[in-house]
Amino acid sequence: MKRILALLLCLAMIVGIMAACGDSGNSSSAPESSSQESSGGDSSAADDSSSEAGEPSGEVVNSTNPGTELPIVTEPVTLKICKERHMLDTTQSYNEKASFKNITEETGLTLEFQELAAGTAGEQVPLLLAGGNMPDVFWALLSDTQILQNEGSFVPLEDMLETYAPNSLKTYDELTSVDWRQIATTPSDHIYGMLGRYEALFENSGDGIQIINKTWLDKVKKDIPTTLEEYKDVLIAFRDGDPNGNGEKDEIPYGFCEDMWCASLTNDMGQFGIGHGGATGNAASTMYTIIDGKVQGAVNTPEYREYLEFYHDLYTEGLIDQEGFSMKNDVFANKVRNYQVGTYYSWTALEYLSTEQEKDWVVLPTMKAHEDTVPVANGEIDRSTVQKNKWVITNTCEHPEAALRLWDYLARDTESKLTVALGEKGKLWDEYEDQPGTYYFLVPEGDPEFTFEHMKYTYGTVNDPPLMTIAETPKNDGDVSPAAALRDNMVKEVNKDFVKKENQLPAIYVTPEATDERSFLDTDLFAEVKKFRSQAVMDGFSDSDWEAYCKRLEDLRYADWLQWYQDYMDGNL
C-alpha cells in the first residue's frame with residue numbers, strides 16, 4: 001500500500017496537480033536539491049522507527065496520514081509558512097537550510113516560505129492578522145497577546161495532538177521543569193501553539209552580559225574595574241590612551257546600541273539594583289523590579305534618577321557612544337569590528353568577531369552603585385526556556401492536519417530537532433562516539449565576515465526548533481570545543497546576581513480583557529520612559545524636569561500598570 005501511495009504521489013507531482021494550503025503567489029517552492037555548501041548534506045537525522053513509513057495507523061483525513069507514517073500526505077500539498085529572517089542569516093531562502101533540503105521527497109509537502117525581512121515582523125504580522133495575505137503557519141512570530149486577540153484566526157490543536165503530533169506529545173510529557181498544558185492552554189481552554197526551543201539551557205538563563213577588552217586594559221595599565229568609580233577611570237583611560245594603537249582619538253570607551261536587543265543602555269540599570277534581570281532593550285522588564293514577590297516601580301525611583309545622572313556624566317565626557325540612542329545595529333557592529341569599542345554588552349564577542357579576536361575579551365563582573373546596593377545581572381536563575389506559540393496554524397489553511405504533522409516530523413527525534421536549530425550534524429553540534437544519543441555543541445573557527453553567529457542563523461533557526469528536553473540538549477563541552485563553552489563560562493561569572501526563581505513571572509496566558517487593559521497602558525508609558533531616558537542621558541535634567549516626568553508617569557497610570565504585573569505574579573488575572 002505504501003509503495004502504491006508513493007508512486008501515485010510521484011506521478012501527481014510530475015503532472016503538477018497541486019492541492020495548495022494557502023496563497024502561493026510570492027514565494028518559491030522548496031527545491032528538490034541544493035548545493036552541499038548551502039544545505040549541508042542530508043536533511044536531518046539518523047533513521048528512527050518513528051520516522052519510517054509503516055502501515056497506516058488510522059484513517060486518512062483531508063489527504064493526511066495519521067501518526068508517523070510517511071509520506072505525510074497522499075497527494076501533493078503546498079504549505080505557506082511565515083517566518084522572520086535573522087539579520088545574520090546569509091541564505092537566500094529557508095529552503096536552503098538542511099532541514100528542508102529533501103522535504104518534498106520525504107513528506108509529499110512543498111514548502112513556500114513567506115520570509116519577513118529582519119526587524120519587520122512587528123509591523124508586518126499585525127497587517128497579516130488584520131486580513132492580509134495570511135499564511136498557513138506562523139512560525140515563531142506570535143505573542144500571547146496576538147494569540148488571544150485573534151483566537152478565531154487559528155486552529156485549536158488540543159484534539160489533534162494524539163493523532164497528528166505523537167512525537168511532540170511524547171516530548172511534552174517528559175518535561176520536568178514546567179507543566180506544559182498549563183503554559184500552553186489559553187483561558188478559553190484551547191491550545192493554539194506548539195512548544196519549541198530547549199526545556200532549559202544554562203547559557204540562555206542570561207541575556208546581555210558586559211564584556212571588556214582585556215588587551216586595551218593592559219595597554220592603559222588598568223585592572224578590571226569592580227566599582228563604578230573604577231569603571232569611569234578605565235573609560236577615561238580608554239578615551240585618552242589610544243589603546244587601539246592607531247594614533248587617532250577614535251576610541252569609544254563604552255559602546256551601546258538601543259537597536260541591538262542585548263546592547264541597550266538599560267542593561268546598566270542593574271548596577272543600581274533596579275530592573276528585572278532581563279533589562280535588555282525597551283522591554284517591560286526594564287520597568288519593574290520584583291523583590292520578595294512584590295512588584296515595585298523601577299523608572300521613577302531615586303535609584304533610577306541616579307542611574308540617569310551617572311550615565312549623563314559619562315555621555316558629557318565622551319565616555320559612551322554619542323550615537324547609541326539612534327544608530328542601527330549594523331553601524332554598532334562595524335564599530336566593534338573596527339576595534340573602536342572598549343566595552344559593551346553582548347551575547348558573546350563571537351557575535352561580531354572571529355574566534356581569534358574573541359580572545360581579547362573578558363567578562364566584566366557585575367558592578368554596584370553603592371556598597372549596600374543589591375545588583376541585578378541580566379538573567380534569571382534556572383530560567384525555563386520553553387517557548388509556546390512556535391508553530392501556529394491559521395484557519396485559512398486547507399490542510400491543518402498536514403501542517404501539524406510537518407512540525408511533528410521535524411520533531412521526530414533529537415537529531416532532527418538539532419538540525420532545525422543548528423543545521424547538519426558535525427558543523428555546530430555532534431554526537432559523542434562513545435555515548436550514542438548524547439550530543440555536544442561545536443563552535444568552529446569563523447572570521448569577521450562569517451562569524452559563529454552568522455553560522456548559527458545561516459545553518460539553522462537557533463531558537464526556533466521543536467522542543468528539546470533537558471536530556472536531549474547537547475552539552476557545552478570545553479574539552480571537545482573550548483569556544484562552545486564560552487557562553488556558559490560568561491554566565492557563570494554573573495549568574496549569582498540573576499533574579500531568583502521566586503521573583504520570576506509565570507509563563508501563563510491571561511484573559512484577553514486583562515491583556516487589553518495592560519496593552520492600553522503599555523504604549524504611552526514605554527514611549528514616555530524611552531523619551532525621557534534618552535533626553536536625560538544626552539542633555540541632562542533638573543529637579544523640575546524629574547518631578548514633571550514622575551507626574552507624567554502618574555498620569556499615564558504607572559501604578560495601575562505595576563499592579564497588573566503584581567496580579568499576574570499572584571495568578572489573579
Side-chain angles (χ1 to χ4, degrees), residues 43-52 54 57-58 65-70 72 98-99 103 106-107 137 139-140 155-186 190-204 382-393 400-423 425 429 431 435-441 460-475 507-509:
S43 64
S44 54
D47 289 339
D48 183 272
S49 59
S50 67
S51 61
E52 293 179 355
S57 55
N65 286 313
T68 60
E69 181 183 1
L70 293 178
I72 288 176
S99 289
I103 200 76
E106 295 167 354
T107 68
V137 175
W139 185 1
V155 176
L157 304 177
E158 62 273 7
D159 294 333
M160 300 170 63
L161 296 175
E162 185 173 349
T163 302
Y164 300 105
N167 297 316
S168 300
L169 197 57
K170 180 178 182 295
T171 298
Y172 300 169
D173 288 339
E174 292 174 352
L175 296 177
T176 60
S177 61
V178 293
D179 180 337
W180 77 267
R181 289 189 183 275
Q182 181 185 47
I183 66 174
T185 303
T186 66
H190 288 303
I191 295 172
Y192 294 104
M194 300 299 286
L195 304 180
R197 211 176 182 186
Y198 303 92
E199 179 179 1
L201 195 61
F202 182 69
E203 66 180 64
N204 283 341
D382 296 329
R383 172 191 284 171
S384 169
T385 52
V386 177
Q387 291 184 338
K388 52 183 181 285
N389 307 331
K390 282 297 184 186
W391 191 261
V392 179
I393 302 169
E401 301 86 358
L404 182 54
R405 275 219 52 197
L406 172 60
W407 182 255
D408 200 58
Y409 172 74
L410 297 174
R412 64 192 180 276
D413 55 43
T414 303
E415 293 200 5
S416 176
K417 298 173 190 178
L418 285 171
T419 304
V420 177
L422 296 171
K425 184 178 182 180
W429 62 277
E431 183 177 17
Q435 301 177 56
T438 303
Y439 305 94
Y440 56 89
F441 291 113
T461 63
V462 186
N463 291 321
D464 298 332
L467 183 63
M468 282 177 262
T469 65
I470 293 173
E472 293 180 287
T473 302
K475 303 177 186 298
I508 57 176
Y509 282 104

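All of these numbers come straight from a predicted model, not from anything done at the bench.
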Practice task
State, to 0.1 Å, how close W407 and P465 come at their nearest heavy-atom pair, and which atoms those are.
Solution key: CH2-C, 3.7 Å

Practice task
Calculate, to the nearest 0.5 Å, the distance between atoms NZ and OG1 belonging to K417 and T171 respectively.
Solution key: 3.0 Å

Exercise for the section: Locate the shortest heavy-atom distance separating Q387 from N463; write the atom from each residue and the value. Expected result: OE1-O, 4.0 Å

Problem - E162 atom CD, over 12 foreign heavy atoms within 6.0 Å - result: no

Exercise for the section: Evaluate the side chain to side chain contact (heavy atoms under 4.5 Å, CB included) criterion for residues I72 and L70: first the C-alpha distance (whole Å), next the side-chain angles of each, then the deciding distance (0.1 Å), finally the verdict. Expected result: CA-CA 5 Å; I72 288 176; L70 293 178; 4.0 Å; yes

Exercise for the section: Say whether T176 and E199, considering side chains only, have a donor N or O and an acceptor N or O under 3.5 Å apart. Expected result: yes

Handout entry: Under 3.5 Å side-chain donor-acceptor pair for R412 and N167
Key = no

Problem - Option from K425, M468, E472 for which side chain to side chain contact (heavy atoms under 4.5 Å, CB included) with L418 holds - result: M468

Practice task
Evaluate the criterion side chain to side chain contact (heavy atoms under 4.5 Å, CB included) for residue pair D408 and M194; output intermediate values, then yes/no.
Solution key: CA-CA 9 Å; D408 200 58; M194 300 299 286; 5.5 Å; no

Problem - Min side-chain heavy-atom separation K475-T438 under 4.5 Å - result: yes

Practice task
State which residue, out of D179, I508, I191, fulfils the side chain to side chain contact (heavy atoms under 4.5 Å, CB included) condition with T185.
Solution key: I191

Problem - Exercise: identify the closest heavy-atom pair between T473 and A200 - result: OG1-O, 4.3 Å

Problem - side chain to side chain donor-acceptor pair (under 3.5 Å) against R383, all qualifying residues, sequence neighbours excluded - result: D207, E380

Handout entry: Heavy-atom side-chain proximity of L406 to I103 below 4.5 angstrom
Key = yes

Exercise for the section: State, with a plain yes or no, whether a side-chain heavy atom of E431 is found less than 4.5 Å away from one of P436. Expected result: yes

Exercise for the section: Quick one: pull up CZ in R405 and CD in E69 and give me the separation to the nearest 0.5 Å. Expected result: 7.5 Å

Handout entry: Short side-chain to backbone donor-acceptor contact, W391 and G196, under 3.5 Å
Key = no

Problem - Spatial distance of atom CG (N65) from atom OG1 (T107) [nearest 0.5 Å] - result: 11.5 Å

Problem - Approximate separation, where rounding is to 0.5 Å, of Q435 CD and Y440 OH - result: 10.5 Å

Practice task
Taking all heavy atoms of T68 and all of P166, pick out the closest pair and write down the distance.
Solution key: CG2-CG, 3.9 Å

Fill in the blank from the handout: Note: P474 and F441 closest approach over all heavy atoms is O-CE1, 3.3 Å

Exercise for the section: Please confirm whether the backbone N or O of L175 pairs with a side-chain atom of T469, one donor and one acceptor, at under 3.5 Å? Expected result: no

Handout entry: Exam field: side chain K390 to backbone L467, donor-acceptor pair closer than 3.5 Å
Key = no

Problem - Spatial distance of atom CG (L195) from atom OH (Y172) [nearest 0.5 Å] - result: 4.0 Å

Fill in the blank from the handout: Between S384 and S177, the two heavy atoms sitting closest are OG-OG, 4.4 Å

Problem - Straight-line distance of Y192 OH to I393 CD1, nearest 0.5 Å - result: 12.5 Å

